[in-house]
There are 2 protein chains.
Amino acid sequence: MQALTIGKVAERVGVGVETVRFYERKGLIKPPRRGESGYRQYSEDLVARLRFIQRAKTLGFSLKEIGELLDIRHDPTTTCRDIQRRAEVKLSDVEEKIKGLRRMSKVLTKLIAECAGDGPTSACPILEALDVEGEKG
Amino acid sequence: MQALTIGKVAERVGVGVETVRFYERKGLIKPPRRGESGYRQYSEDLVARLRFIQRAKTLGFSLKEIGELLDIRHDPTTTCRDIQRRAEVKLSDVEEKIKGLRRMSKVLTKLIAECAGDGPTSACPILEALDVEGEKG
DNA sequence: CTTGACCCTGTACCTTGGTACAGGGTCTAT
DNA sequence: ATAGACCCTGTACCAAGGTACAGGGTCAAG
């Protein structure tokens, strides 16, 4: 298998070469071996790893969290359960956000309707949207 | 009602005084009146506004977006139609955010279900799923 | 009336997740 | 052998959203 240059890797994954080097600096990918010229030589594995990073990002994981996922994976003392728990934490974050946004959506919808109907408007009705937790769905 | 100092306000909301001043600079809260000494004098209203800002942040709104949300209200210079239009813009933002989060939720839920939790990380379906791109989804 | 906690302005710095040079060296096609 | 595309390191920069001084003034308790 041919070694890939950083440009090829970046192109395949759809990121800039700077981003690949940035991930290396951040420890998300390990420094690859170098050719005579000092050029980085990557294998296909790295492409997979980079895709993993991109995909995890879209699920709301920060680079730090992604780094942890990748570390866990290569740590023989951890189990699948560790990964699962992290996914669960992330899921509950996401569910919380959805709830809050639904409240916001309701208030905005109401605002639009009231406005159309010439209804009374409080000084700053939007503030009610996120009023104290649990104090009304 | 006693005027609140910036420290009292910050304490009540659970942010630093620097943050309150930062929001003032960013236009999220308006410059309050000042006492003889030049100290800022706040009313309870400001506490509510700051709490809104904090909650909206956890929902993924940027400070800029939060400023726009807070602007959706009646004042002498805005018409009902104005409010309606701005509320509609924000409503569609909110719906978009919900959609994105639901996609994340779905993927995470599926991954968590597929993972029995008892295997080694080397065979974790969550990690495997993150490896492949898209997987026809 | 002093001490310490608080406030003021202004500026510098931090983190996250990159992006953009500058000033080189290398590789490849012609 | 030379142009142009690529690679290298290093540093600076960007936006967002703060956080931390420095160097002052003020307020309230003992």
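Every chain is numbered from 1, with letters handed out A, B, ... down the list of sequences.
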Heavy-atom check, side chain of A:Ile98 versus side chain of A:Glu95, under 4.5 Å: yes
Out of C:dA20, D:dC27, D:dC21, whichever nucleotide has its closest atom nearest the side chain of B:Glu18: D:dC21
- request: Using a heavy-atom cut-off of under 4.0 Å over every strand shown, decide if A:Gly38 touches base, sugar-phosphate, or nothing.
  value: sugar-phosphate
message: Tell me the interatomic distance from A:Arg34, atom CZ, to D:dC6, atom P, rounded to whole angstroms.
response: 19 Å
query: Below 3.5 Å, does any donor atom in the side chain of A:Tyr23 face an acceptor in the base of C:dG18, or the other way round?
result: no
field: Short side-chain N/O contact to C:dC6 OP1/OP2 from B:Thr5, under 4.0 Å
entry: no
query: Around B:Arg81, counting heavy atoms of other residues, nucleotides and ligands shown, do more than 12 lie under 6.0 Å from its CZ?
result: no
Nucleotide of C:dG17, D:dT9, D:dG17 approaching A:Arg21 most closely (side-chain heavy atoms): D:dT9
message: Closest approach to the side chain of B:Arg40, judged atom by atom: which nucleotide of C:dT9, C:dG18, D:dG18 is it?
response: C:dT9
task: Kindly say if B:Lys57 contacts the phosphate of D:dG18, meaning a side-chain N or O under 4.0 Å from OP1 or OP2.
output: yes
field: Distance, rounded to the nearest Å, where A:Lys26 contributes NZ and C:dG17 contributes C1'
entry: 8 Å
- request: For C:dC27, take OP1 and OP2 only and decide whether either is under 4.0 Å from a side-chain N or O of A:Ser37.
  value: yes
task: Rounded off to whole Å, could you give me the NZ-to-P distance for the B:Lys8 and D:dA28 pair?
output: 11 Å
- request: Look at B:Thr19 and D:dG17 and indicate whether a side-chain polar atom (N or O) is within less than 4.0 Å of OP1 or OP2.
  value: no
task: Measure the distance from CG on B:Leu28 to C1' on D:dA16 and round it to the nearest whole Å.
output: 12 Å
message: In whole Å, I'd like the distance from the CD atom of B:Glu24 to the C1' atom of C:dT9.
response: 12 Å
- prompt: Expressed in angstrom and rounded to an integer, what is the separation of B:Phe22 atom CZ from D:dA16 atom P?
  reply: 9 Å
Given D:dT26, C:dG25, C:dT19, the nucleotide with the shortest approach to the side chain of A:Tyr39: C:dG25
- prompt: Are A:Tyr39 and A:Val20 connected in a single hydrophobic cluster, I mean Ile/Leu/Val/Met/Phe/Trp/Tyr linked by side-chain heavy atoms less than 4.5 Å apart?
  reply: no
- line: note: B:Ile6, atom CD1; D:dG18, atom C1'; distance rounded to Å ~ 14 Å
- request: Taking all non-hydrogen atoms of both residues into account, name the closest pair between B:Ile126 and A:Ala87 and its distance.
  value: CD1-CB, 4.1 Å
- request: Return the minimal non-hydrogen interatomic distance between A:Arg51 and A:Arg12, and the atom names on each side.
  value: NH1-O, 3.1 Å
- request: For B:Arg25 and C:dC8, give me the distance from atom CZ to atom P, rounded to whole Å.
  value: 12 Å
